[in-house]
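Take a look at the structure set out below.
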Amino acid sequence: MSEPAPRFALIDGNTFYVSCERMWDPSLLGVPTVVLGNGDGCCIALSPEAKALGLKIGTPIFQVPEDIRKQVQVRSANFALYGDMSARIVTILREMFPRVEVYSIDENFVDIEGIADPVALCLEARERILQWVGIPCCVGLGITRTLAKAGNKLAKNQSKRAIHAGRLAVFHATPDNIHNLPVEDVWGVGRQFAKRLAKEGVETAADLAALPAEHVRAQYGVVLARTQTELRGIPCGDLELEEPDRQQIIVSRMFGRDVTDPMDALVTFATVAAEKMRGRGLAASAVWVWLDGNPHKGNGFHVSRTVPLPFPTQDTRDVLLAVRWLAKSIIKPGQAFKRGGVGLVDLVRGGQRQADFFSAPDPRRERGMEVLDRINAKYGRGTLGLGAAGWRVGGVRPDQVKRHGGEAQWRPMLKSLSPSYTTKWDELIRVR
DNA sequence: TCTGGGGTCCTAGGACCC
DNA sequence: TCTGGGGTCCTAGGACCC
C-alpha cells in the first residue's frame, strides 16, 4: 500500500544565525562559529564544527576553556540582520506555495496538498533559497505538522551523510518511520516530559505514538495528547496563515553589570515596547514591571508589580508614567539588580478600545506618536525620544560608544557585533 | 569580570456569584 | 447539629516553543 501523500512541509534554515553571519563573512565557512546572545553572554547558535568541539547552546562563553575558545569564531547576535534574511526567504516561499505559515525566524510551514511531486518542489525551494539568500535549509514532509517537524529533525540527522553523498536533506516522516527519532526531539516534548516518559520506557517518537491515548491525556495533558494524535498521522491543526494579535509585548534584558538604579533601563525598555506595540496597531490595558537580583552572587530575588491603566493606551507617555510609578514602588535603596523588564499586557486592537467616559484617548496625542514612529523608522530607533528614554535597547560596539555618548551602566558591551549589512545605510557592505 | 530574550497555552485553586 | 453545586473570573505556576 502506498503512503498517504504529505500535506505539510517544514523548511528550516540550518543553524540559521550562523548561516546568516557566514553569508556576509565567508571566512567563517568551515570554521567553528558561535553566535552569542545579549551582552555576549550565552551561545545561542552553533555551527556544526562548534558543536563538534563540545560547545552547547546556552553555555556562557566565559565558561568555555581557553584552548577551545581560541579555535572558535564569535559573533554577537544581530537580530536586525537575521530578520531581514528571514523575510527574503518568506518572499521566495510565497511565490512558490499557495499557503505559507511563518512559524519562526528560521522555520516556515508550507501547504503541499495536491502537489504532484512535493519533494521535487521542496527541493527546488531549497535550491532557490540557497542561491538567492545564501542559507542552506533542511525540509521535512508529513501528513501533519508534527510529522513534518519530525521529518525536518530526521532530515537534519541524516543531512551530514546525505550531503556527503551528494544528496540533499529531505525527509518524509510517516507514523511508520519515526522510530529513529528520540522522543525529546518531538515537537511538544520538552525536558520535563522527556524525563517522565523515559521512566515509562518511552524513548522514541514511535514509542510515544504507541502509548494508550487516554494515558497520555490523563498523565500529560491535552497538549501532549494532540502531539501524539498528530504523530499517528491524524491532523489536529492547519497552517496559521495570519499571525494572531499579541497578547503581551515584553522587553527585558540582563544588565551589563549589577545596577542599583535601573530606572533609566526600565524607561528605555518601556519606550521600545510602546513602539513595538504601536507598530502592531495594539493598545495596552495594563503595564507590568519586574526586577531580579543576581542569583549567581547569592542575591536571588524577584520583585514585580502590575498596574491597570484607566483606558487602553498607545501613548508612550502614559506607559512611562505607569512604569516610573511602578518602578519607584518596587525599587528599594541599596538593592542591586541584574535583570529587569517591562511588559505591556492585556493588549487590545487600537481601533476597538473601550473609551473611558471621563478619559477618552486624545487624537492629537496619537498623531504625535505617529510622527515619532515615522521619524524613528526612517532614521533609526532613538533618533527622537521622550524625556529620559534612552535611544536603543541593545548593547553597543566599542566603536559606537563615542556616538552614544555617556554609556549607561546597564548596557552590555558587544565586542563582536557584525554590521547590519542589510538594514542600516551606514553599515552597508562595501564593494570597492 | 562575563550566565539570552522573547512568546503561548493549560491547569489548579481561590474568590465570588447565584 | 446538619451545610449544594455549578459557573466564571483571576492568578500563579508549570509546561512548551523558537
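Every value quoted in this text rests on a predicted model; they were computed, and no experiment measured them. Chain identifiers are assigned alphabetically (A, B, ...) following the order of the sequence lines, protein sequences preceding nucleic acid strands; residue numbering begins at 1 within each chain.
Across all strands shown, A:Tyr103 has heavy atoms under 4.0 Å from sugar-phosphate atoms exclusively, and none from any base. Across all strands shown, A:Phe193 has heavy atoms under 4.0 Å from sugar-phosphate atoms exclusively, and none from any base.
For the pair A:Glu107 CD and B:dG7 C1', the computed distance is 14 Å after rounding to whole Å. B:dG5 atom P lies 14 Å from atom CH2 of A:Trp288, rounded to whole Å. Taking atom CZ of A:Phe269 as the reference point, atom C1' of B:dG6 lies 13 Å away to the nearest angstrom. Summarising the geometry, the separation between CD1 on A:Ile250 and P on B:dG5 is reported as 12 Å, rounded to the nearest angstrom. Atom CZ of A:Arg305 and atom C1' of C:dA12 are 18 Å apart (whole Å). A straight line from NZ of A:Lys149 to C1' of C:dC16 spans 12 Å, rounded to a whole angstrom. Note: CZ (A:Arg253) to C1' (B:dG5) measures 6 Å, nearest angstrom. In this structure, NE2 of A:His302 is placed 10 Å from P of C:dA12, rounded to the nearest angstrom.
You'll find the ring centres of A:Phe8 and A:Phe97 outside the 6.0 Å limit. Ring centroid separation for the pair A:Phe109 and A:Tyr103 comes in under the 6.0 Å cut-off.
Put simply, the side chain of A:Thr144 never gets that close to the backbone of A:Pro235: no donor and acceptor are under 3.5 Å apart.
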Legend entry - Nucleotide-level pairing of DNA chain C, given in dot-bracket where Watson-Crick and G-U pairs need both distances under 3.5 Å and | marks other strands: ....||||||||||||||

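With DNA chain B read from its 5' end, the first of the two nearest nucleotides for A:Arg339 and A:Val223 is the one closest to A:Arg339. The nearest heavy atom of DNA chain B to A:Phe255 and to A:Gln247 marks one nucleotide each, and the one closer to the 5' end goes with A:Phe255.
Distance from the side chain of A:Ser252 is smallest to B:dG5 among C:dC18, B:dT3, B:dG5. For A:Arg226, counting side-chain heavy atoms from C-beta on, the closest listed nucleotide (B:dT11, B:dC10, B:dG6) is B:dC10.
Within the structure, a side-chain polar atom (N or O) of A:Arg246 is placed less than 4.0 Å from OP1 or OP2 of B:dG7. Distances shown here put every side-chain N or O of A:Lys338 at or beyond 4.0 Å from the OP1 or OP2 atom of B:dG4.
Using a 4.0 Å cut-off between a side-chain N of Lys or Arg and a carboxylate O of Asp or Glu, A:Arg349 and A:Asp245 qualify as a salt bridge.
Under the 6.0 Å distance and 45° angle rule, A:Arg339 does not count as a cation-pi partner of A:Phe255.
The side-chain contact (heavy atoms from CB on, under 4.5 Å) test with A:Leu344 singles out one residue from A:Val319, A:Val251, A:Val323, and that residue is A:Val319.
Of the N and O atoms on the side chains of A:Glu230 and A:Thr227, not one donor lies less than 3.5 Å from an acceptor on the other residue.
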